[in-house]
Structures are given as structure tokens and as C-alpha cells.
Amino acid sequence: MSTRVRFAPSPTGFLHVGGLRTALYNWLFARQQGGSFILRIEDTDQSRRKEGALENLLEALEWAGLDVDEGPQAGGKLGPYVQSERLEIYHRHVQQLLDDGHAYRCFCTPERLEQLRDRQRKMGVASRYDRHCRNLPPGDAEARAADETSIIRLAVPESGRIVFEDIVRRKVAFDLETVDDQVLLKGDGFPTYHLANVVDDHLMQVSHVIRGEEWLPSMPKHLLLYQAFGWEPPRFAHLPLLLNKDRSKLSKRQGTVAVEEYRTQGILPGALINFIALMGWHDQSDQDIFGVEELVQAFSLERVQKSGAIFDTEKLHWINGQHIRRLSLPEFREAIQPYFDTQWDVTEAMAAAVHTKVSLLSDVPDLLAFFFEDPVVYDDDAREALTGAEAAGILSMLLAKLDESTDPSRAGPSTDLSGEWFMSTVKAIGEDFGLKGRELWHPIRAAIAGRVVGPDMITIVETFGLEKCRERIRAALAAA
RNA sequence: GGCGCAUUCGUCUAGGGGUUAGGACGCCGGCCUCUCACGCCGGUAACAGGGGUUCGAAUCCCCUAUGCGCUACCA
């Protein structure tokens with residue numbers, strides 16, 4: 001039997017980074033096994049419908065590089081892949097359950113159920129459905145259903161024990177006494193997750209269900225359904241959760257969870273994938289930086305971690321920096337292009353000058369802004385450097401040297417050597433003043449770039465030319 | 001409350017009867033150096049607690065604690 005896995009998100013508007021991790025593990029497993037990666041949309045909750053959600057989802061998956069073999073867009077023989085288009089299938093199957101006595105109609109109103117829960121909570125007992133409708137004669141129930149709204153519930157055996165082998169957690173067991181008569185079909189005719197996912201996974205011939213740990217408690221219900229249908233269940237792997245800093249389930253309120261936002265922050269898709277793969281999985285090596293192909297090779301469900309992992313943004317940024325540095329210069333230049341909102345002409349030299357300085361692509365524009373701002377804008381550190389004790393002296397001497405060198409009557413340095421000439425000139429000045437390092441360079445950087453940190457001076461000087469450097473030094477001197 | 005799952009440096013993790021408990025991020029120090037970075041070198045820091053089993057337990061077993069998840073006509 002071939003490996004078939006699925007990612008089955010509900011379209012709530014954006015792809016959650018935890019969802020991306022689940023999708024990634026499914027995808028890695030499929031690619032490694034030479035199997036199929038299926039995308040199925042679980043939109044059985046009509047109240048949660050969101051416009052454009054599917055498009056966002058597909059775009060995020062594509063950006064991340066997780067290509068879909070079968071799905072709403074990709075097509076496939078076992079579709080449709082959107083649950084709201086499969087209602088007839090669920091009705092047929094739930095009817096079979098009804099006929100076989102594995103399910104029953106329930107006429108209890110939501111109000112009654114709520115009161116029941118309230119009472120149970122006050123008494124401090126487990127809150128469960130009291131099986132009020134479970135023993136209605138099936139004939140009577142069908143008759144009532146003609147003009148009364150009803151739902152359909154799973155008839156869970158009163159006793160027994162369900163044991164199964166989870167790939168990640170090994171043996172997991174539940175007593176049936178604690179399992180509720182789960183709703184399978186809702187009053188609006190839509191199935192619940194429990195019914196739909198079992199029916200679809202079977203019909204779509206899913207071999208491995210790889211999903212979040214939050215589904216572990218539903219396992220007895222799902223296994224009971226497979227039993228009731230007489231189907232062989234797939235293998236299951238429940239993934240540990242992604243956590244906030246306080247160890248609660250990763251949520252919007254405490255940080256960035258939308259994949260799209262990481263993209264706009266300047267995280268490379270390969271870096272996000274690398275980072276997220278390592279949250280809950282690790283091979284035996286000490287390797288930290290993985291390309292996607294390496295992950296496909298190395299991944300294994302057996303080595304998935306059992307406990308949740310806190311999402312550590314610092315480490316994500318470091319990994320992103322590593323991936324950025326592995327980009328070739330042309331690739332890097334292309335990657336940063338979308339982060340400039342103006343029509344700046346970022347040269348290869350400019351890109352090269354910041355290639356090792358950033359951990360987020362979105363940091364680049366700030367570092368290069370002074371190339372395009374005119375007049376230059378001094379930041380606080382620059383202003384401080386310009387008022388330092390020796391600043392005026394250094395700058396005056398440099399200005400004098402520049403005046404000499406650019407006087408057309410004298411032999412000045414040729415343009416392509418201007419950077420080197422500038423460096424040696426400044427160093428000579430430094431010797432005169434007995435200064436080096438930041439003492440010497442900060443005032444000069446501040447005058448020319450408006451900042452004390454940034455690209456190397458050779459790039460700056462050769463990009464601007466000596467004449468422009470002279471203007472800016474003169475302006476800085478005048479302002480001080 | 002009930003049920004389930006989990007627990008190695010602050011974080012991500014390797015290891016799994018005898019190890020100086022390894023790596024990475026972060027942090028601190030140093031080197032390199034035109035600034036900032038990068039890179040390199042070094043340092044800081046962990047087996048939740050208690051009982052067993054054993055010559056020996058972080059590792060196996062039990063209990064406790066703590067955390068998290070689920071407990072909907074949400075997924």
C-alpha cells in the first residue's frame with residue numbers, strides 16, 4: 001500500500017505556523033516515502049467561513065515550497081477535496097451507521113444540553129451527554145425526524161478499553177466509560193470533524209494521519225468509527241504542540257503566528273522550514289542548518305519529540321541569517337528586492353556590503369537608506385560622534401586632503417582607486433591624531449552616511465565618489 | 001472536576017545502566033578588524049522531586065508534583 005498523507009486545515013483566513021509545521025511533517029514524510037501529499041479543506045463549520053481563506057492558504061504553502069499532489073486546486077481522483085462539497089457522502093455513511101445501530105438520532109435542544117452541562121459542572125462530575133435519546137425506538141425517531149430537527153450521535157459502547165499504537169507516543173489507552181456519545185451530524189446537515197475526517201481519510205486512502213496532539217483525546221471516537229464502518233484504520237502520529245513563551249499553545253495574542261507575516265518580516269522560506277522542522281524533530285547529528293532536500297532525507301516520524309516546543313524567535317533569526325549568507329550575491333540581491341518600497345537602484349556592491357550584516361531581509365533598506373537620502377539625515381549616534389572632541393579636527397584634515405586630491409591641477413587618485421586612497425588617507429590622519437578604530441572612523445562615517453554603523457567605507461566612497469564625500473564632510477563641519 | 005499526554009542548560013535538543021551529560025541559539029569574554037556585523041576561540045548553564053530495582057540510575061519500574069491539551073450541534 002502506498003504512502004498517502006494529508007494536511008487538513010480549516011480555512012480560517014491565514015496559515016498558522018503550527019499548521020505549517022504539521023503540513024511540513026506530512027510533506028516530508030510523503031516525499032521521503034515517494035508517496036502523495038493531499039490537501040483537504042475542512043470547512044464543515046459554516047459559522048467560521050472566511051472569504052479568500054483558501055487562496056491565502058495555497059499561497060502560503062506555495063511560498064513555503066510544499067507542493068500538493070492532490071487537492072482543491074491540484075485535483076485528483078478521490079475528490080472533491082473540500083468537505084462542504086461532500087455532504088452527500090457523509091449522509092450516506094451516517095445512514096449506514098444508523099441502520100447498523102452504531103449511531104442514533106438525538107432531539108435534545110442546545111438549551112437542554114447546556115443546562116445538563118451546568119448541572120454536571122456544579123456537581124463536580126464529568127460533563128457528558130446523558131444519552132437521553134439513545135434508547136428511542138429507531139422507527140419512532142425516524143418518524144419524528146421528518147418534522148423535528150435532530151442530530152446524529154455515535155453510540156459509544158458502555159464499557160471496554162481502546163488501546164492503540166501511536167508512532168510518536170507508542171501505546172496510548174482510553175477507557176470507554178469516559179468517552180462521550182459524540183455528535184456526528186449537526187442540525188444544519190453538516191458533519192462534525194470526527195465523522196468527516198474518518199470518512200474522508202478512508203475514502204481518500206490515507207495511510208498515515210499526522211496531526212497535532214490536540215487530537216489525541218478524540219482517538220477513541222475515531223477508532224470506534226473505523227470499527228463501526230468495518231474499516232482498517234490508518235497509522236497515527238500525534239505531533240507535539242508549538243508553544244508560547246509561557247508554554248501555552250502558540251497563539252496570536254503572544255506573537256506572530258501567520259506564515260505570511262514571517263514572509264513580510266524577511267524570513268526566507270527555506271529558513272522557516274529549517275527552523276520549524278527542528279521544533280519537534282531532530283536527527284542524531286549536531287547539524288542545525290538543513291536544506292529542504294536534506295530534511296527529506298533525514299526526517300523520520302520515530303524521532304519526533306513527545307513534548308511541546310517553545311517558539312524561539314531569536315533562533316529563527318539566527319537560522320535565517322545562516323540561510324541568507326548561503327545565498328549567492330545575485331540570489332541575495334533578488335531576495336531583498338521586494339523590501340524596498342521605492343525605486344532605489346541597489347547595486348551589487350551595496351548588496352554585497354550588507355550581505356553578512358542582516359538576519360532579516362527587511363533590515364536591509366535601513367542599512368542602505370543613506371545612499372539614497374539627500375541631504376543626509378544624522379541619527380543620534382552620528383550626532384554624538386560629530387560632536388566628539390576630535391571630530392572637527394579629523395574632518396577638517398580629511399577635507400583638506402580631499403580638496404588637494406580633487407583639484408584638477410594636481411594628480412588625484414583615479415576613480416576606481418578612490419576607496420583605497422581614502423582608506424590610506426584616513427589611516428594617515430589617524431596616526432597624526434593617535435587614533436584608530438571607532439574613535440577615528442565614527443566621525444567620518446557620521447559625516448558621510450549619517451550613521452556610525454553600516455557598509456564598509458570602500459563601498460561607500462566608491463559608490464559616492466570623492467566629490468560627494470567632500471560635500472558631506474563640509475556640510476557636517478558647517479552644521480557642528 | 002474527568003480523561004489524556006508530557007518533563008535533560010533560559011530556549012531548541014543529543015544521549016539512554018558506568019559519559020568531564022554533547023551540540024546549537026541567547027548571554028559573557030577574547031581574536032580578527034575601517035564601523036557594525038560575519039567568522040574563529042573560550043566561558044556560563046540542565047537530567048522536576050521521592051521511593052524502589054541494581055555493584056552502579058539522568059537512563060528501567062512505581063508514586064508525587066508541575067505543565068499542557070481535550071472535555072461544543074469548533075476544528
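Here is the naming used below: chain letters follow the sequence lines, and residue numbers restart at 1 for every chain. Keep in mind that this is a model prediction, so the values were computed, not measured.
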Out of [options], which has the shortest distance to the side chain of [X]?
X	options	result
A/D45	B/C74, B/A6, B/G69	B/C74
A/A126	B/C5, B/C70, B/G1	B/G1
A/S127	B/A72, B/A75, B/C3	B/A72
A/R247	B/A75, B/U11, B/A14	B/U11
A/K306	B/C73, B/U7, B/C12	B/U7
A/K249	B/G4, B/G69, B/G1	B/G69
A/K186	B/A75, B/C5, B/A72	B/A75

Output the rounded distance in Å from [atom1] ([X]) to [atom2] ([N]).
X	N	atom1	atom2	result
A/D181	B/C3	CG	P	18 Å
A/E213	B/C3	CD	C1'	13 Å
A/E165	B/G4	CD	C1'	16 Å
A/F290	B/G23	CZ	P	17 Å
A/D175	B/U71	CG	P	19 Å
A/F174	B/G69	CZ	C1'	11 Å
A/L113	B/C73	CG	C1'	8 Å
A/R112	B/A72	CZ	P	14 Å

Hey, which of these two, A/Q182 or A/P240, hits RNA chain B nearer its 5' end, going by closest nucleotide?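 With A/Q182 and A/P240 compared, the 5'-side residue is A/P240.
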May I ask you to check whether over 12 heavy atoms, not counting those of A/E51, lie within 6.0 Å of atom CD?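 No - once you tally the heavy atoms of other residues, nucleotides and ligands closer than 6.0 Å, there are 12 at most.
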Looking at B/C34, which nucleotide sits across from it as a Watson-Crick or G-U wobble partner, both distances under 3.5 angstrom, or is there none?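 Across any shown strand, B/C34 pairs with none.
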Watson-Crick or G-U counterpart of B/U7, or none if no pair lies under 3.5 Å: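 B/A65 is the nucleotide pairing with B/U7.
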Interatomic spacing from [atom1] in [X] to [atom2] in [Y] - rounded to 0.5 Å:
X	Y	atom1	atom2	result
A/K50	A/D43	NZ	CG	13.5 Å
A/M279	A/R21	CE	CZ	7.5 Å
A/I162	A/K221	CD1	NZ	12.0 Å
A/F164	A/L216	CZ	CG	5.0 Å

Using a heavy-atom cut-off of 4.0 Å across all strands, would you classify [X] as base, sugar-phosphate, or nothing?
X	value
A/L278	sugar-phosphate
A/G124	sugar-phosphate
A/A449	nothing
A/S10	sugar-phosphate
A/G212	nothing
A/S47	nothing
A/Q287	nothing
A/R451	nothing

Plane angle bin for A/F299 and A/W281 - parallel if under 30°, tilted between 30 and 60°, otherwise perpendicular: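 Ring orientation, 0 to 90° scale: tilted.
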[N] to [M] separation - [atom1] atoms, rounded to the nearest Å:
N	M	atom1	value
B/U59	B/G16	C1'	5 Å
B/G26	B/U11	P	16 Å
B/U44	B/C9	C1'	10 Å
B/C40	B/A45	C1'	22 Å
B/A46	B/U64	P	28 Å
B/C63	B/A24	C1'	35 Å
B/A57	B/G18	C1'	10 Å
B/A75	B/U71	P	11 Å

Can you check whether [X] has a side-chain N or O nearer than 4.0 Å to OP1 or OP2 of [N]?
X	N	result
A/T44	B/A75	yes
A/R303	B/G15	yes
A/Q284	B/G23	no

Check whether NZ of the Lys or CZ of the Arg A/R451 lies under 6.0 Å from the centre of the six-membered ring of A/F370 and within 45 degrees of that ring's axis.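 So A/R451 doesn't make the cation-pi contact.
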Do A/D175 and A/T178 meet the criterion of a side-chain donor-acceptor pair at a distance under 3.5 Å?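 Looking only at side-chain atoms, A/T178 and A/D175 do not form any donor-acceptor pair under 3.5 Å.
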Check this for me, if you would: do A/E431 and A/K427 make a salt bridge, where the nitrogen-to-carboxylate-oxygen distance has to be below 4.0 angstrom?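 Salt bridge between A/E431 and A/K427, a charged N being under 4.0 Å from a carboxylate O: no.
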Could you run through nucleotides 24-41 of chain B and give me one letter per nucleotide, 5' to 3': B if any protein heavy atom sits under 4.0 Å from the base, S if only the sugar-phosphate is that close, - if neither? BSS-------BBBBSS--
Output, in order, the C-alpha distance, side-chain angles, deciding distance and verdict of side-chain contact (heavy atoms from CB on, under 4.5 Å) for A/F7 and A/L15. CA-CA 12 Å; A/F7 174 51; A/L15 179 56; 3.9 Å; yes
